Student: 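I'd like to ask some things about the structure below.
Keep in mind that this is a model prediction, so the values were computed, not measured.
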Amino acid sequence: QSLNQPFRASISHHLATVLRAAGPDDLLLFAFSGHGMEANGSSYLCPVDARLDVPADTLISLEEVYQDLSQCQARQKILLIDACRNDPRPGGERNIERVAEAGTAFARSLEQPPEGIVVLSSSRPGQVSVEDDKMGHGVFLYFVMEGLRGEADRLGGNGDGKVSLFELYRYSDSRTRAFVARSRDLIQTPVLRGELTADFELGTAVNRDREVQQAWSIVRDDADALFEQSAVLKWVRQLYQRQMKGLGANDVVRDFSAT
């Protein structure tokens, strides 16, 4: 199995590597997008190779993730979860009431994280976390990534060029709720949980002005090349037309240089 795919072994491997590398001045963010469920009184994250008949051996225990994060030296630890989306059971094993109960129990396990851990999750217990094909992600994760790129600071933030936790939460919460209500007529409410005494910085916002300038430079170069190409094509067309009328090429060149 590839360590670049979201199998249980690869997720555990990468998380262990990051936990060992994190120092006391670091911020650690562990993000999971997929299915979450409760089985036999425990909550789990479901990797792509999950087997629901043996959850302890093939799923990722949320309790173990909490324990690992608690033991990490990082100053700030954030668990970002976009889960509780739909039924992870294969066809023939689905029981709507059982699935709804399992999803609600999983969401409740995110409500009271251990001390020192902040949880930013996609929905409240009893709600569904919506996916959107055009976004390529869960709706919540899409707006989280957009917010981290700087929209959370620019739209509703203090505009200082940095994205903070509270700015990210306010942005992803308002955008997710509005999009899901408008497009699906559903209620999805992201949740921020954990003992927080103050806001803290997550990263630097992307400089959109610089991006726009770079994009315009590319467009301008392409436009110049296209203009030159179209001018040459115009000259060739005029040359052909005038030759057909018996005029010389020099007359066409003089006309072209005057355009």
Student: Considering all heavy atoms of both residues, which atom of Ala83 and which atom of Ser123 are nearest to each other, and what is their separation?
Tutor: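 Closest heavy-atom pair between Ala83 and Ser123: O-OG, 4.4 Å.
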
Student: Can you find a heavy atom in the side chain of Val119 that is under 4.5 Å from one in the side chain of Tyr66?
Tutor: yes

Student: Does a side-chain heavy-atom distance below 4.5 Å link Phe106 with His35?
Tutor: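 When only atoms from C-beta onward are counted, His35 and Phe106 do not touch, as no gap falls below 4.5 Å.
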
Student: A side-chain contact here means heavy atoms from C-beta on lying under 4.5 Å apart; do Val130 and Asp132 qualify?
Tutor: no

Student: Quick check against the 3.5 Å criterion: does Glu111 have a side-chain atom that pairs as donor or acceptor with the backbone of Arg193?
Tutor: no

Student: Using every non-hydrogen atom in the two residues, find where Gly150 and Ala205 come nearest and quote the distance to one decimal.
Tutor: CA-CB, 3.5 Å

Student: Starting at OG of Ser42, measure out to CE of Met37 and round the result to the nearest 0.5 Å.
Tutor: 10.5 Å

Student: Measure the spacing between SG of Cys72 and CG of Leu19 and express it to the nearest 0.5 Å.
Tutor: 5.0 Å

Student: Rest of the hydrophobic cluster containing Val144 (Ile/Leu/Val/Met/Phe/Trp/Tyr, side-chain heavy atoms under 4.5 Å)?
Tutor: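 Once heavy-atom contacts under 4.5 Å are chained together, Val144 belongs with Leu27, Leu29, Ile78, Leu80, Val118, Leu120, Phe140, Leu141, Met145, Leu148, Val163, Leu165, Phe166, Leu168, Tyr169, Leu192, Leu196, Phe200, Leu202.
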
Student: Is any side-chain heavy atom of Glu195 closer than 4.5 Å to a side-chain heavy atom of Pro113?
Tutor: no

Student: Do Tyr142 and Arg175 come close enough that some side-chain heavy atom pair is under 4.5 Å?
Tutor: no

Student: Strictly distance-based, threshold 3.5 Å: is any side-chain N or O of Arg8 a donor or acceptor partner for the main-chain N or O of Leu59?
Tutor: yes

Student: Should Phe30 and Asp68 count as side-chain neighbours, where that means a heavy-atom distance under 4.5 Å?
Tutor: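 Phe30 vs Asp68: side chains apart.
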
Student: Would you compute the distance between atom OG1 of Thr176 and atom CD1 of Ile187 and round it to the nearest 0.5 angstrom?
Tutor: 14.0 Å

Student: Within a 6.0 Å radius of atom CG on Asn40, are there more than 12 heavy atoms belonging to other residues, nucleotides or ligands?
Tutor: no

Student: Please check: side-chain N/O of Ser121 versus main-chain N/O of Ile81, any donor-acceptor pairing under 3.5 Å?
Tutor: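 Checked: no pair found.
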
Student: Check whether any side-chain heavy atom of Thr58 sits under 4.5 Å from a side-chain heavy atom of Asp53, and report yes or no.
Tutor: no

Student: Answer yes or no: is there a donor N or O on one side and an acceptor on the other, between the side chain of Asp26 and the main chain of Leu28, under 3.5 Å?
Tutor: no

Student: If you take all heavy atoms of Arg124 and Val191, which pair is closest and at what distance?
Tutor: CG-CG2, 3.4 Å

Student: What heavy-atom pair brings Pro114 and Ser70 nearest, and what distance separates the two atoms?
Tutor: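 Scanning both residues completely, I find the closest heavy atoms to be CB-OG, 3.9 Å.
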
Student: Do Val128 and Arg184 touch side chain to side chain, with heavy atoms closer than 4.5 Å?
Tutor: no

Student: Would you compute the distance between atom CD1 of Ile117 and atom NZ of Lys77 and round it to the nearest 0.5 angstrom?
Tutor: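 Reported value, rounded in 0.5 Å steps: 6.0 Å.
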
Student: Nearest 0.5 Å, what's the CG-CD distance between Asp199 and Glu167?
Tutor: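 It comes to 7.0 Å.
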
Student: Give a yes or no on whether a salt bridge exists between Glu146 and Arg149, defined as a side-chain N under 4.0 angstrom from a carboxylate O.
Tutor: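 Salt bridge between Glu146 and Arg149, a charged N being under 4.0 Å from a carboxylate O: no.
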
Student: What closest approach, in Å, do Leu52 and Cys46 show between heavy atoms, and which atom pair accounts for it?
Tutor: CD2-SG, 4.5 Å

Student: Walk me through whether Ile11 and Leu45 qualify under side-chain contact (heavy atoms from CB on, under 4.5 Å).
Tutor: CA-CA 10 Å; Ile11 294 173; Leu45 307 175; over 6 Å; no

Student: Quick check for you: to the nearest 0.5 Å, what is the distance between Glu131 atom CD and Asp82 atom CG?
Tutor: 7.5 Å

